[in-house]
Amino acid sequence: MKKHILNFSLAAALMLGGTSASLAADKPAKAENELTEAQVKRLEEIDARVLEIKEMDFSEMDRAERKEIKSELKELHKEAKQNGGSGIYISTGALIIIIILLIILL
């Protein structure tokens, strides 16, 4: 029984791999996300502030000040990530391997 499932999953992987390559050839290449001048300036400001925070001496601060700095860093990180447009991408091959492993293990 497992041998049939493995053969089926292998055939499905090969079939999906072939169709995704042909579909990818039909689509035009995406233009990279270019940042506006305002976004670049803001990212530079965020970078400068993070460097300034790294140079601070935290031993002289009380707990409330450290907590405030930590929350500021979290907000700066969220804003930089939002402006940068980063994301997680999974290739077709990786997706197929994950599916095959799930089928084998389950």
Side-chain angles (χ1 to χ4, degrees):
M1 179 70 179
K2 280 194 172 196
K3 197 172 197 180
H4 295 292
I5 293 173
L6 182 60
N7 288 339
F8 175 73
S9 62
L10 185 60
L14 291 173
M15 188 170 53
L16 287 174
T19 57
S20 66
S22 64
L23 291 175
D26 295 339
K27 294 181 182 179
K30 282 187 177 180
E32 291 197 24
N33 294 340
E34 294 192 21
L35 301 175
T36 62
E37 289 183 32
Q39 288 174 327
V40 171
K41 184 177 179 183
R42 181 62 184 148
L43 287 175
E44 289 174 357
E45 290 172 358
I46 290 172
D47 189 40
R49 179 64 182 145
V50 169
L51 290 175
E52 183 180 320
I53 290 173
K54 282 185 178 182
E55 293 174 358
M56 288 182 176
D57 186 16
F58 292 102
S59 63
E60 297 175 1
M61 295 182 185
D62 63 353
R63 186 174 183 176
E65 290 174 330
R66 287 191 304 250
K67 189 174 182 178
E68 185 178 323
I69 295 288
K70 186 176 180 180
S71 65
E72 181 184 358
L73 279 173
K74 284 183 181 180
E75 290 298 319
L76 290 174
H77 178 72
K78 285 181 186 177
E79 186 178 348
K81 193 173 183 180
Q82 186 178 31
N83 285 340
S86 62
I88 297 174
Y89 300 99
I90 299 177
S91 68
T92 306
L95 185 62
I96 291 170
I97 290 172
I98 291 170
I99 291 171
I100 291 172
L101 287 174
L102 286 173
I103 290 172
I104 291 171
L105 294 175
L106 297 175

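What you see below is based on every heavy atom in this structure, not just the backbone, and it leaves out hydrogens, waters and symmetry mates.
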Quick one: pull up [atom1] in [X] and [atom2] in [Y] and give me the separation to the nearest 0.5 Å.
X: Ile97; Y: Leu102; atom1: CD1; atom2: CG; answer: 12.0 Å
X: Met56; Y: Leu51; atom1: CE; atom2: CG; answer: 11.5 Å
X: His77; Y: Leu73; atom1: NE2; atom2: CG; answer: 10.5 Å

| message | Are Ile103 and Ile99 packed together at the side-chain level, in the sense that at least one heavy-atom pair is separated by less than 4.5 angstrom? | response | yes

| request: Check whether any side-chain heavy atom of Val40 lies under 4.5 Å from a side-chain heavy atom of Glu44, and answer yes or no. | output: yes

| Is the count of non-hydrogen atoms from other residues, nucleotides or ligands lying under 6.0 Å from Glu72 atom CD greater than 12? | yes

| request: Report the C-alpha distance between Lys74 and Lys70 in whole Å, list the side-chain angles of each, state the deciding distance to 0.1 Å, and finish with yes or no for side chain to side chain contact (heavy atoms under 4.5 Å, CB included). | output: CA-CA 6 Å; Lys74 284 183 181 180; Lys70 186 176 180 180; 4.1 Å; yes

| task | Using side-chain contact (heavy atoms from CB on, under 4.5 Å) as the criterion, list what pairs up with Arg42, not counting sequence neighbours. | result | Glu45, Ile46, Leu76, Glu79, Asn83

| How would you list, by chain and number, every residue that makes a side-chain contact (heavy atoms from CB on, under 4.5 Å) with Ala94, sequence neighbours excluded? | Ile90, Ser91

| task | May I ask you to say whether Arg49 pairs ionically with Glu52, meaning some side-chain N is under 4.0 Å from a carboxylate O? | result | yes

| task | Determine whether Val50 and Ile53 fall in the same hydrophobic cluster, where Ile, Leu, Val, Met, Phe, Trp and Tyr are linked whenever their side-chain heavy atoms lie under 4.5 Å apart. | result | yes

| Would Leu101 and Ile98 show up in the same hydrophobic cluster when neighbours are defined by side-chain heavy atoms closer than 4.5 Å? | no

